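These numbers come from a predicted model, not from an experiment. Counting from 1, the numbers follow the sequence of the chain as shown.
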Amino acid sequence: MTLCAAWVREVDNEQELIFATDSCLSCGDRWHSGVKLFELPRKDCLICFAGDTNRTYPLILNLISSIKFDEHLANTHTDISEVLDYLTQLFTDLCNSISNFEPQTFAEALGDFQFLFGGWSWKANSFKLWKLSYNHALKAITHDEANSSDMVCTFIGDELETAESSLNEELVNRGRIRSRSFDMEPFSVLVNMIRKNEFSGIDGAVQLAKIHPPGSTEFLGVYWPFFNNGKKTFLGKDVSVDNNPAVRFVDPDTAEVVENALPDSILDISEALYGNNVEFLNKCYPNGEQKTDLTKREKANLKDIFEQVAYSQFLALQVSTEGDDL
């Protein structure tokens, strides 16, 4: 199966809802880079799953299509609680519509699966998180809400006792039991359980996304299996020329975003090299030294400028080399 986690992260009195999962899909055979964390057509919620891919994928694809083509559901003015009610009924109807499964029983044909669904509720002015599964006694998909009055973290999938025990150890080691809040401890638990190779159903690079209040999703890549000797991965797949999403990447050991370093100083801020960007460069590098309070936008613009200069120099070198060959 898998191991998925979702939790409310609180650092410096700021909160965000984070989803993380491994990338192993089991449907008779086994895939080690399957997408298990899904962005929905509205940007204030996420969904992931554990269990039978033959059931979960059709259900999630139906949900994505339903929201996309329903103006009421797609509008973030519709609270996430209404989306929950809709998807619960949708999943119930789809599951109950399964037929021609004999000689299996319905329970055998349906299989075993769970979902984590959550996001920002503007009505409650807080994050909401639910675990959903099929209740055979009620013949319906039911949901349990994570306790919003306490530390909010929910695991679904395999080896749940091990995950909970490891999480408690992480909290003790980091001295966060008394704080009654999470940082990135659930992420570390997932990373460590995959790396141990002791759990055959928990495998592949970590998939990671977060929701910022008041409701905007951000998907992140992860260096895997380590930062120093690993590759950039995104949604379980290696980043390449053909698969190169514009996302930030996380160090799996520190759980921190790895920013591409900017130079501390620049010796030559000339118009010949930087063109119309000279004034901006001088603002960011007064007297050639990087100022200490660069904004995120300034950092992003600087990276774009340096990439453009590097590419121009590369082209110039190619032309020079071709000239020498002649």
Using a 3.5 Å distance criterion without hydrogens, assess whether the side chain of Thr92 forms a donor-acceptor pair with backbone atoms of Ile141. yes
Tell me whether the centres of the aromatic rings in Tyr57 and Phe49 are closer together than 6.0 Å. yes
Same cluster for Val191 and Val257 if Ile/Leu/Val/Met/Phe/Trp/Tyr side chains link at under 4.5 Å? yes
Can you tell me if Tyr285 uses its side chain to pair, donor with acceptor, with the backbone of Pro263 under 3.5 Å? yes
Between Ile266 and Cys284, is the side-chain contact (heavy atoms from CB on, under 4.5 Å) condition met? List the steps. CA-CA 10 Å; Ile266 300 178; Cys284 296; over 6 Å; no
Ser33 side-chain N/O to Gly236 backbone N/O, donor-acceptor pair under 3.5 Å: no
What are the two closest non-hydrogen atoms of Leu167 and Cys153, and how far apart are they? CD2-SG, 3.9 Å
Quick one, Ser270 with Asp268, criterion side chain to side chain donor-acceptor pair (under 3.5 Å). Give me CA distance, side-chain angles, the key distance, then yes/no. CA-CA 6 Å; Ser270 64; Asp268 179 21; 3.3 Å; yes
Got a sec, which pairs hit side chain to side chain donor-acceptor pair (under 3.5 Å) with one end in residues 130-144, sequence neighbours left out? Asn96-Tyr134
Provide the closest heavy-atom pair for Val239 versus Pro245 in the form atom of the first, atom of the second, distance. CG2-CD, 4.2 Å
Looking at Asn287, I'd like to know if its CG atom is crowded, meaning that more than 12 non-hydrogen atoms belonging to other residues, nucleotides or ligands lie closer than 6.0 Å. no
So Phe199 and Asp158, side-chain contact (heavy atoms from CB on, under 4.5 Å) or not? Walk me through it. CA-CA 8 Å; Phe199 315 106; Asp158 295 328; over 6 Å; no
Kindly determine whether Thr2 and Lys36 satisfy side chain to side chain donor-acceptor pair (under 3.5 Å), including the steps that lead there. CA-CA 9 Å; Thr2 190; Lys36 304 175 80 168; 2.3 Å; yes
For residues 79-103, pull every pair meeting salt bridge (Lys or Arg N to Asp or Glu O under 4.0 Å), keeping only residues two or more places apart or in separate chains. none
Can you list everything that forms a side chain to side chain contact (heavy atoms under 4.5 Å, CB included) with Val11? Sequence neighbours excluded, please. Arg9, Asp183
Quick check for you: to the nearest 0.5 Å, what is the distance between Ile80 atom CD1 and Leu40 atom CG? 9.0 Å
Rounded to the nearest 0.5 angstrom, the CG-CZ distance for Asp112 and Arg55 is 12.5 Å
Any donor-acceptor pair under 3.5 Å from Asn75 side chain to Glu71 backbone: no
Taking only residues at least two apart or on different chains, which pairs with a member in residues 213-222 satisfy salt bridge (Lys or Arg N to Asp or Glu O under 4.0 Å)? Glu218-Arg248
Can you tell me which residue pairs pass the salt bridge (Lys or Arg N to Asp or Glu O under 4.0 Å) test with a partner in residues 187-209, sequence neighbours excluded? Arg195-Asp253
Taking Thr56 for its side chain and Asp52 for its backbone only, find out whether a donor-acceptor pair lies under 3.5 Å. yes
Within the distance-only criterion (no hydrogens, no angle test), does the side chain of Arg30 pair as donor or acceptor with the backbone N or O of Ser200 below 3.5 angstrom? yes
For Asp12, is the CG atom crowded, meaning more than 12 foreign heavy atoms sit under 6.0 Å from it? no
NZ of Lys210: more than 12 outside heavy atoms within 6.0 angstrom? yes
Spell out, as yes or no, whether a donor-acceptor pair under 3.5 Å connects the side chain of Asp70 to the backbone of Ser66. no
Does one hydrophobic cluster hold both Leu171 and Leu160, with members joined at side-chain heavy-atom distances below 4.5 Å? yes
What is the ring orientation for Phe115 with Phe113, classed by angle as parallel under 30°, tilted 30 to 60°, or perpendicular over 60°? perpendicular
Any sub-3.5 Å donor-acceptor pair from Glu185's side-chain atoms to Phe182's backbone N or O? no
Measuring from Leu273:CG to Ile305:CD1, what's the distance to the nearest 0.5 Å? 11.0 Å
Please identify each residue that fulfils salt bridge (Lys or Arg N to Asp or Glu O under 4.0 Å) with Glu39, with sequence neighbours left out. Lys43
Count the heavy atoms belonging to other residues, nucleotides or ligands that lie under 6.0 Å from CD of Glu108, then report whether that count exceeds 12. yes
Working to the nearest 0.5 angstrom, can you tell me the gap between Lys128 NZ and Lys123 NZ? 11.5 Å
Go through the steps for Gln207 and Phe219 under the test side-chain contact (heavy atoms from CB on, under 4.5 Å), then give the verdict. CA-CA 8 Å; Gln207 302 176 26; Phe219 277 72; over 6 Å; no
Would one find more than 12 heavy atoms of other residues, nucleotides or ligands at under 6.0 Å from atom NZ of Lys68? no
With distance as the sole test, does Trp120 use its side chain to make a donor-acceptor pair with the main-chain N or O of Ser216 at under 3.5 Å? no
How close do Leu46 and Ala209 get, counting heavy atoms only, and between which atoms? CD1-CB, 3.8 Å
Distance, nearest 0.5 Å, that separates CZ of Phe38 from CG of Leu235: 9.0 Å
For Thr78 and His72, indicate whether the former's side chain and the latter's backbone hold a donor-acceptor pair under 3.5 Å. yes
NZ-CG distance between Lys232 and Asn243, expressed to the nearest 0.5 angstrom: 12.0 Å
